[in-house]
Colleague: 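Would you mind keeping the following structure in view while I ask a few things?
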Amino acid sequence: MTLNVMTEISKLDQIIKPSGTMLISNKARELREKGKPVIGFGAGEPDFASPEYVVKAAINAAKDPKNHKYSPVAGLESLRKAISNSVMSHSKYAVEPSNIVVTNGGKQAILTALMSLLDRGDEVIIPSPYWTTYPEATLLAGGKPRFIETSKENDFKISINDLEKIKTDKSKVLIWCSPSNPTGVVYAKNEAEEIYDWVFKNNMWILSDELYEHLIYEGETTPSPAIIDKDLNNTVIVNGVSKAYAMTGWRVGWLIANNKVINLAKKIQSQATSNVSNISQLAAEAALTNGLEITQKMKIAFDRRRRFALEKINAINYLSCIKATGAFYLFVDVSHYCTGLIPAVNSSDDFCNWLLEKYFIAFVPGEVFGAPGYMRLSYALNDEDLSEGLNRLEKAIKDISG
Ligand code: GLU
């Protein structure tokens, strides 16, 4: 018998990057397990526990044998009704339960939506800095990411001009996220509507990631494109319970789209995962049917932390960040410290590694979001850790400044 050698794996291995936000969280977790006092500003997830009524609903669901079985691919009817009602009262547009597919978190909704919209080689326009998963999900779906570079001087916002410049006859989708992960920027109503109008006129899709819709602390709220595109001819919405109800680990998201997209999304989901865990779905239903009180409570805490962090960071030598008004992220310009000032630190990636290894504070480097020279900070952590972590950042900079 001849000795066998491993057969090649997919070339996808050279194309797809792992999630940078998840990498940082894992690194921080590993250091913590080794007893290091790590403070995590990495992956964005509320520090709050899920509401008591959510946990109770899950316990009850687990006890009911009906929930031990497969359920409809698109999601439980009762949850889809709850989503539809919540959308109507909070997001101000109407959607039928039949236009919703429940997914394993917002992340799966994005991938399924892109698989449903793209043919091989179709281009997806992605404003940069972008959430790390958008380009990878585009590639997984056979599409080609095309980036619009934005600048901090323009509050990291795109314009119609940028869209005109990047558009080709292959452009199919614009990925839209306001409030933005990673910059925390929120588009005003007129700015957003101008962009929507352009997308509709150009017969493209807008994939609107609305995970942070309830977390806007000041200024105008961005209206959903679904308010204008009532028939969802050009709009797909992605949302979920992770951020607004402190439920990241339950993995419940959804996509909202017209019947044609939904039918394809259901085909994909039926072959990929069947249904989302019934326990998690019923927990999500409890979240959606108990109002936004919990969200408001968290929002007050996030806002306090946002103001504190903004002031603290902008007071540190050569660090700066724009006044983010939504989500729970600050996007900090650290470029001054990425040019060899610190031994072996020549990028924001190096800078974040240095902060993690020497000061035990975990930030996500801008490279992960297509913006070297920056780092992202999630302020969804408790006040004490936030204060201690930023003191360490201040000390780190003082140490190098001498
Ligand atoms: N969306 C969060 C973040 O950007 C969670 C991590 C992830 O899913 O990538 O940090």
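Nothing here was measured: the structure is a model prediction, and the numbers come from that model. Each ligand, and each atom within it, is numbered from 1 in the order the structure gives.
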Colleague: Measuring from Leu163:CG to Arg146:CZ, what's the distance to the nearest 0.5 Å?
Modeller: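 One gets 11.5 Å once the value is rounded to the nearest 0.5 Å.
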
Colleague: How about Trp176 and Tyr187: are their ring centroids closer than 6.0 Å?
Modeller: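 Yes, the ring of Trp176 comes within the 6.0 Å limit of the ring of Tyr187, centre to centre.
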
Colleague: Short N or O contacts of ligand 1 with protein, under 3.5 Å, listed by atom name?
Modeller:
| residue | atom | partner | partner atom | Å |
| --- | --- | --- | --- | --- |
| ligand 1 | 1 (N) | Lys243 | NZ | 3.0 |
| ligand 1 | 4 (O) | Trp131 | NE1 | 3.0 |
| ligand 1 | 4 (O) | Asn181 | ND2 | 2.9 |
| ligand 1 | 4 (O) | Arg376 | NH1 | 2.9 |
| ligand 1 | 8 (O) | Lys107 | NZ | 3.1 |
| ligand 1 | 9 (O) | Thr21 | OG1 | 2.5 |
| ligand 1 | 10 (O) | Gly44 | N | 2.7 |
| ligand 1 | 10 (O) | Arg376 | NH2 | 2.7 |

Colleague: With no hydrogens and no angle check, just 3.5 Å: does a side-chain donor-acceptor pair link Asn181 and Tyr130?
Modeller: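 Tyr130 and Asn181 do not have a side-chain donor-acceptor pair below 3.5 Å.
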
Colleague: Any cation-pi pair here, Arg376 with Tyr329, using under 6.0 Å and within 45°?
Modeller: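 Verdict for Tyr329: a cation-pi partner in Arg376.
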
Colleague: Can a side-chain donor-acceptor contact be found between Ser347 and Asp349 if the only test is distance below 3.5 angstrom?
Modeller: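 Side chains of Asp349 and Ser347: no pair found under 3.5 Å.
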
Colleague: Could you go through residues 51-67 and list every donor-acceptor pair under 3.5 Å that involves a side-chain atom there, pairing it with any protein atom two or more places apart or in another chain?
Modeller:
| residue | atom | partner | partner atom | Å |
| --- | --- | --- | --- | --- |
| Asp64 | OD1 | Lys66 | N | 3.0 |
| Asn67 | ND2 | Ala61 | O | 3.0 |

